[in-house]
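Each residue takes its place number in the sequence, starting with 1. Remember, it's a predicted structure, so these values are computed and weren't measured experimentally.
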Amino acid sequence: MNDLIESAWQLLEKSIISYQGRPVGTLAACNSEDTGLNYDQCFTRDFAVSAIAFLLRGQTDIVRNFLCTTLELQSCQKQMDCFTPGQGLMPASFKITCDEGEEGLGADFGERAIARVAPVDSGFWWLLILRAYVKASDDLDLARKPEFQKGIKLILDLCLTARFAMLPTLLVPDGSFTIDRRMGVYGHPLDVQTLFYLALRSAKELLAPEDDYIEVVNLRLGHLTYHLRTYYWLDFARLNEIYHYKVEQFGKDANNKFNIYPDTIPDWLSTWIPDTGGYLAGNLGPARIDFRWFAQGNLMAILGSLASEEQAQGIMNLIEQRSSDLLGQMPLKMCFPALKGRDWQVLTGSDAKNIPWSYHNSGSWPFLLWELAGAAIKTGHEELAQRAVEIAIQRLPQQDWPEYYDGQEGRLVGKEARKFQTWTIAGFLAAQELLENPQKVEIVCFAEDTGVKACST
């Protein structure tokens with residue numbers, strides 16, 4: 001086991017990139033046989049997993065350097081040009097460039113990405129990395145520097161100011177976060193709302209105590225907490241309530257506030273949802289609930305105390321009782337179940353990479369192991385996470401640390417998976433470190449915010 005851990009660390013360190021003599025990030029993948037499109041870049045969301053692994057091991061310098069480097073790349077100018085990154089946006093990725101022997105940084109804000117999707121979550125991950133760095137290093141002085149305080153506020157301005165929606169959740173385009181392909185998660189997807197919540201919690205801790213932004217953040221946190229815990233939550237009692245909804249209701253006293261039609265409840269759900277478990281639904285909008293289970297949104301909701309204690313236990317109970325579906329033979333399903341048939345054609349645009357049980361369409365992604373480990377420790381379900389890590393140990397090293405796995409049980413290496421995927425390696429290492437040293441979970445966890453009252457108006 002020690003040899004395996006040491007070998008994995010060597011691979012993670014091999015992925016490190018340096019700028020002006022300082023380590024500033026990690027490549028998305030480090031396979032010399034197949035460079036593959038943009039896998040030679042450092043992605044903000046991918047590095048978040050590497051950052052957690054480094055911080056849990058006490059290696060803080062690379063994380064500090066990453067934070068400083070990406071802050072320099074943040075879009076800071078107010079723009080009216082639709083082809084220019086909005087003020088406050090953090091880059092989706094960056095790479096080291098070389099022009100006539102001089103090093104530089106090339107940032108991508110989505111304008112070169114596949115399908116040109118905007119990185120809605122990049123600023124959220126940056127705030128989470130900064131908060132984790134401060135927790136691990138006690139270096140609050142970095143976050144309190146004027147340039148960092150300005151960067152935090154620019155991200156908040158981007159999320160909290162002028163908009164069309166009159167809900168506490170964040171309206172985003174399709175494919176603008178970890179699931180960066182068309183998958184029917186447009187509008188108000190759970191993953192983005194959870195990361196938004198954690199980013200607000202991070203900002204609240206990092207801003208100077210007397211800052212005026214804290215009052216605004218507290219207000220939004222209260223509304224967001226109520227909205228997600230109330231309207232996104234699904235258990236058997238809630239499913240029964242939806243099943244008996246009356247529709248076409250008008251006014252503030254309407255019970256069915258989003259005009260959900262009971263006939264939209266999928267056939268698989270009534271037998272799949274257990275009596276003693278539940279989860280936060282994938283999406284919510286006018287006349288629709290996305291009843292799919294999404295791993296990252298639910299696990300991060302536990303880590304951030306967005307889910308109540310009762311809901312957090314319900315989520316972990318569901319994972320345990322449906323482990324054959326969600327863990328299978330390679331943890332962890334990004335979402336469940338897969339879109340198939342006509343749904344796959346319409347919602348993914350017949351995406352050949354997102355065929356059923358592949359890639360983002362219910363493929364298995366081992367980078368999620370660290371989130372599962374953190375959530376399991378926080379809720380007292382360590383055995384579940386240990387079992388998931390043991391499953392991964394049997395295959396990840398032998399199969400060169402693939403990006404993702406295919407198949408209903410996750411038995412097949414992903415058809416287009418890159419080998420030596422950095423966040424696969426980092427997610428495993430972070431999970432292992434958390435299980436060996438559960439007291440370190442405070443680096444990635446938030447306690448219940450007793451200073452915020454969950455309220456609807």
Side-chain angles (χ1 to χ4, degrees), residues 36-37 45 113-118 120-121 171-193 232 234 239 242 258 260-273 279-298 318-319 322-368 402-418 421:
L37 295 175
R45 71 172 66 101
I114 295 172
R116 303 300 186 262
V117 293
V120 169
D121 62 341
L171 180 64
V172 299
D174 198 3
S176 294
F177 57 109
T178 305
I179 296 178
D180 59 0
R181 302 174 81 89
R182 183 174 165 186
M183 271 282 289
V185 290
Y186 52 85
H188 303 87
L190 174 66
D191 285 33
V192 170
Q193 313 315 318
Y232 277 66
L234 282 174
L239 185 62
I242 297 170
F258 294 91
I260 306 300
Y261 289 84
D263 286 348
T264 62
I265 298 173
D267 294 337
W268 59 269
L269 185 59
S270 62
T271 55
W272 190 77
I273 195 166
Y279 63 104
L280 294 164
N283 211 336
L284 178 70
R288 67 187 297 269
I289 293 180
D290 186 339
F291 290 97
R292 286 174 293 175
W293 180 87
F294 286 83
Q296 183 156 269
N298 277 278
L318 176 112
I319 297 173
R322 297 293 179 259
S323 61
S324 60
D325 291 326
L326 304 179
L327 302 185
Q329 298 193 35
M330 177 50 65
L332 180 65
K333 287 294 181 193
M334 182 171 281
C335 67
F336 181 89
L339 297 171
K340 295 182 284 186
R342 184 64 175 164
D343 285 342
W344 167 75
Q345 292 177 320
V346 172
L347 294 178
T348 76
S350 299
D351 185 350
K353 195 169 186 177
N354 266 339
I355 58 174
W357 311 110
S358 180
Y359 201 56
H360 292 165
N361 190 11
S362 204
S364 298
W365 291 74
F367 85 86
L368 292 164
E403 180 182 16
Y404 66 95
Y405 283 77
D406 285 348
Q408 193 161 349
E409 295 183 343
R411 296 185 66 188
L412 302 168
V413 173
K415 186 174 289 188
E416 297 187 44
R418 298 290 183 269
Q421 183 79 12

Determine, step by step, whether Ile242 and Leu234 satisfy the side chain to side chain contact (heavy atoms under 4.5 Å, CB included) criterion, reporting the C-alpha distance in whole Å, the side-chain angles of both residues, the deciding distance to 0.1 Å, and the verdict. CA-CA 10 Å; Ile242 297 170; Leu234 282 174; 3.8 Å; yes

Side chain to side chain, [X] and [Y], heavy atoms closer than 4.5 Å:
| X | Y | result |
| --- | --- | --- |
| Tyr186 | Val172 | no |
| Val185 | Val192 | no |
| Met334 | Thr178 | yes |
| Arg292 | Tyr279 | no |
| Glu403 | Trp365 | yes |
| Tyr359 | Glu416 | no |
| Pro366 | Met330 | yes |
| Leu368 | Pro331 | no |

If you take all heavy atoms of [X] and [Y], which pair is closest and at what distance?
| X | Y | answer |
| --- | --- | --- |
| Phe336 | Ser362 | CA-OG, 4.0 Å |
| Pro337 | Trp268 | CD-CZ2, 3.3 Å |
| Leu339 | Pro356 | O-CG, 3.4 Å |
| Ala118 | Ser176 | O-CB, 3.1 Å |
| Val120 | Pro173 | CG2-CD, 4.1 Å |

Hey, what do you get for [atom1] ([X]) to [atom2] ([Y]), rounding to the nearest 0.5 Å?
| X | Y | atom1 | atom2 | answer |
| --- | --- | --- | --- | --- |
| Ile265 | Ile260 | CD1 | CD1 | 10.0 Å |
| Lys333 | Tyr404 | NZ | OH | 12.0 Å |
| Cys335 | Gln296 | SG | CD | 12.0 Å |
| Leu284 | Gln193 | CG | CD | 9.5 Å |
| Asn298 | Asp191 | CG | CG | 8.5 Å |
| Ser358 | Gln408 | OG | CD | 13.0 Å |

Ignoring hydrogens and angles, tell me if any N or O in the side chain of [X] forms a donor-acceptor pair with the backbone of [Y] under 3.5 Å.
| X | Y | result |
| --- | --- | --- |
| Asn283 | His188 | yes |
| Arg182 | Ser350 | no |
| Arg411 | Gln329 | no |
| Asn361 | Ala338 | no |

Ignoring hydrogens and geometry beyond distance, is a side-chain donor-acceptor pair present between Trp293 and Asp325 at under 3.5 Å?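 Side chains of Trp293 and Asp325: no pair found under 3.5 Å.
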
Dump the intermediate steps for side chain to side chain contact (heavy atoms under 4.5 Å, CB included) on Leu190 and Asp290, then the final yes or no. CA-CA 10 Å; Leu190 174 66; Asp290 186 339; over 6 Å; no

Could you pull out all residues at least two apart from Asp351 that satisfy side-chain contact (heavy atoms from CB on, under 4.5 Å)? Arg181, Thr348, Lys353, Asn354

Those residues at least two apart in sequence (or on a different chain) that pass salt bridge (Lys or Arg N to Asp or Glu O under 4.0 Å) with Asp406 are none

Listed partners of Phe291 passing ring-ring contact (aromatic ring centres under 6.0 Å, His included), at least two apart: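 Phe291 satisfies ring-ring contact (aromatic ring centres under 6.0 Å, His included) with no residue once adjacent residues are dropped.
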
Step through the shown structure and confirm whether more than 12 heavy atoms of other residues, nucleotides or ligands are within 6.0 Å of CZ on Arg342.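 Open: at most 12 neighbouring heavy atoms sit under 6.0 Å from CZ of Arg342.
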
